Asker: 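Sharing a structure with you now.
Note that these values count all heavy atoms, side chains included, but never hydrogens, waters or copies made by symmetry. Sequence positions, counted from 1, serve as the residue numbers for this chain. The structure presented is a predicted model; accordingly, all values stated were derived computationally and were not measured.
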Amino acid sequence: MSSILHGGCLCGAVHYRVHGQPFHVTHCHCVSCRKASGAAFVTWFTIRLIELEWLGEKPLFYHSSAAAMRGFCPHCGATLSYQHESDPDDIDLTAASLDMPELLVPEFHIWWQDHISWGEPQQQAALPVHARSRD
């Protein structure tokens, strides 16, 4: 896939365009990603930093650890990006922030040692499914 991908935050203030091939479409279960997102895991995709074009407002960045920086919308707080100093030419973007996240298919899980037990596939498959709200 080398088509242009578009995405952004919940409120629309920060949006982006990706020119290039995403790689490492990954479900991350590390504690840091869980805490930053408030979710059981975060799905990321990696691109070359030069292939990212921020549009609208720029995200704010904070160091979630000495070696990692996370980007988020300054208005709605949506988690958008992750960069680690060990890969200065790459950036990870949240797959769910894409306008069409179904274009990417996750390839693997990382930090499984930190996963929440109720997030295991067999436990998820056992839950009732509602097309919309449970009412």
Side-chain angles (χ1 to χ4, degrees):
M1 174 195 310
S2 60
S3 62
I4 296 174
L5 298 173
H6 299 269
C9 65
L10 181 63
C11 72
V14 179
H15 47 283
Y16 60 84
R17 184 178 301 140
V18 172
H19 305 269
Q21 178 76 25
F23 55 99
H24 300 315
V25 184
T26 307
H27 292 316
C28 182
H29 297 266
C30 79
V31 173
S32 182
C33 281
R34 290 193 285 120
K35 296 273 187 182
S37 69
F41 60 89
V42 178
T43 306
W44 300 102
F45 66 96
T46 307
I47 59 164
R48 302 284 177 235
L49 189 55
I50 62 170
E51 297 173 341
L52 174 63
E53 178 184 3
W54 292 110
L55 305 166
E57 292 190 45
K58 303 292 186 242
L60 291 182
F61 295 94
Y62 73 97
H63 284 276
S64 56
S65 67
M69 188 169 55
R70 293 175 184 272
F72 62 97
C73 174
H75 300 283
C76 66
T79 300
L80 296 168
S81 68
Y82 173 88
Q83 288 176 277
H84 196 276
E85 69 179 18
S86 65
D87 295 311
D89 297 330
D90 294 342
I91 187 168
D92 296 327
L93 297 173
T94 53
S97 69
L98 285 168
D99 293 344
M100 297 179 67
E102 62 276 2
L103 292 175
L104 299 181
V105 177
E107 301 165 322
F108 47 84
H109 296 264
I110 60 172
W111 289 95
W112 187 253
Q113 69 183 21
D114 290 348
H115 82 282
I116 299 172
S117 62
W118 50 256
E120 292 185 19
Q122 62 274 22
Q123 289 187 290
Q124 292 298 307
L127 295 175
V129 175
H130 304 275
R132 292 182 61 95
S133 75
R134 61 182 183 272
D135 295 331

Asker: Consider only side-chain N and O atoms of D92 and T46, and report whether a donor and an acceptor are under 3.5 Å apart.
Answerer: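 Present: a donor and an acceptor within the cut-off.
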Asker: For a 4.5 angstrom cut-off between non-hydrogen side-chain atoms, does F108 reach H24?
Answerer: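 The answer is yes; the side chains approach within 4.5 Å.
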Asker: Got a salt bridge between R48 and D90, using NZ or NE/NH1/NH2 to carboxylate O under 4.0 Å?
Answerer: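 D90 and R48: salt-bridged.
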Asker: Just wondering, do W54 and V14 contact through their side chains at under 4.5 Å, heavy atoms?
Answerer: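 V14 reaches W54 side chain to side chain.
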Asker: Out of curiosity, L52 CG to R17 CZ, how far, rounded to the nearest 0.5 Å?
Answerer: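 It comes to 11.0 Å.
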Asker: Does a donor on one side chain and an acceptor on the other come within less than 3.5 Å for Y16 and S97?
Answerer: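 Side-chain D/A pair, Y16 to S97: present.
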Asker: For atom CG of L49, decide whether the heavy atoms of other residues, nucleotides or ligands shown that lie under 6.0 angstrom number more than 12.
Answerer: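 Yes, CG of L49 has more than 12 neighbouring heavy atoms, counting only those of other groups under 6.0 Å.
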Asker: Between L104 and L98, is any pair of side-chain heavy atoms under 4.5 Å apart?
Answerer: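 Result yes, sub-4.5 Å side-chain heavy-atom pair found.
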Asker: Do V18 and F45 come within less than 4.5 Å of each other through their side chains, counting heavy atoms only?
Answerer: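 Heavy-atom side-chain distance check passes, below 4.5 Å.
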Asker: Any side-chain heavy-atom pair from E120 and W112 closer than 4.5 angstrom?
Answerer: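 A side-chain contact exists here, since the closest heavy-atom pair is under 4.5 Å.
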Asker: Using every non-hydrogen atom in the two residues, find where L5 and P22 come nearest and quote the distance to one decimal.
Answerer: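 Result for this residue pair: CD1-CG, 3.5 Å.
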Asker: When you look at F72 and F61, which way does the ring pair (Phe, Tyr, Trp, His ring centres under 6.0 Å) test go after all the steps?
Answerer: CA-CA 6 Å; F72 62 97; F61 295 94; 8.2 Å; no
Asker: Which distance, rounded to the nearest 0.5 Å, do you find between the CD1 of I91 and the OG of S81?
Answerer: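 If we round to the nearest 0.5 Å, I91:CD1 and S81:OG are 4.0 Å apart.
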Asker: Could you check whether any side-chain heavy atom of H109 comes within less than 4.5 Å of a side-chain heavy atom of C28, counting everything from C-beta outward?
Answerer: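 Contact flag for H109/C28 side chains = no.
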Asker: Within the 4.5 Å heavy-atom criterion, are L93 and W44 side-chain neighbours or not?
Answerer: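 Answer no - side chains too far apart.
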Asker: Side-chain contact test, heavy atoms from C-beta onward, threshold under 4.5 Å: evaluate it for C30 versus I110 and give yes or no.
Answerer: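 Not touching, per the 4.5 Å side-chain cut-off.
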Asker: Relative to the ring of H115, is the ring of H29 parallel (under 30°), tilted (30 to 60°) or perpendicular (over 60°)?
Answerer: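 Taking H115 first and then H29, their aromatic rings stand perpendicular (interplane angle over 60°).
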Asker: Please say whether more than 12 non-hydrogen atoms of neighbouring residues, nucleotides or ligands are located less than 6.0 Å from CD1 in I50.
Answerer: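 Counting other residues, nucleotides and ligands, CD1 of I50 stays at 12 neighbours or fewer.
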Asker: Suppose we screen for side-chain hydrogen bond (donor to acceptor under 3.5 Å, both in side chains). Which residues come up paired with S86, at least two apart in sequence or across chains?
Answerer: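 S86: side-chain hydrogen bond (donor to acceptor under 3.5 Å, both in side chains) contacts with H84.
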Asker: Once rounded to the nearest 0.5 Å, what's the spacing between atom CG of L10 and atom OG1 of T79?
Answerer: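 The distance works out to 11.5 Å.
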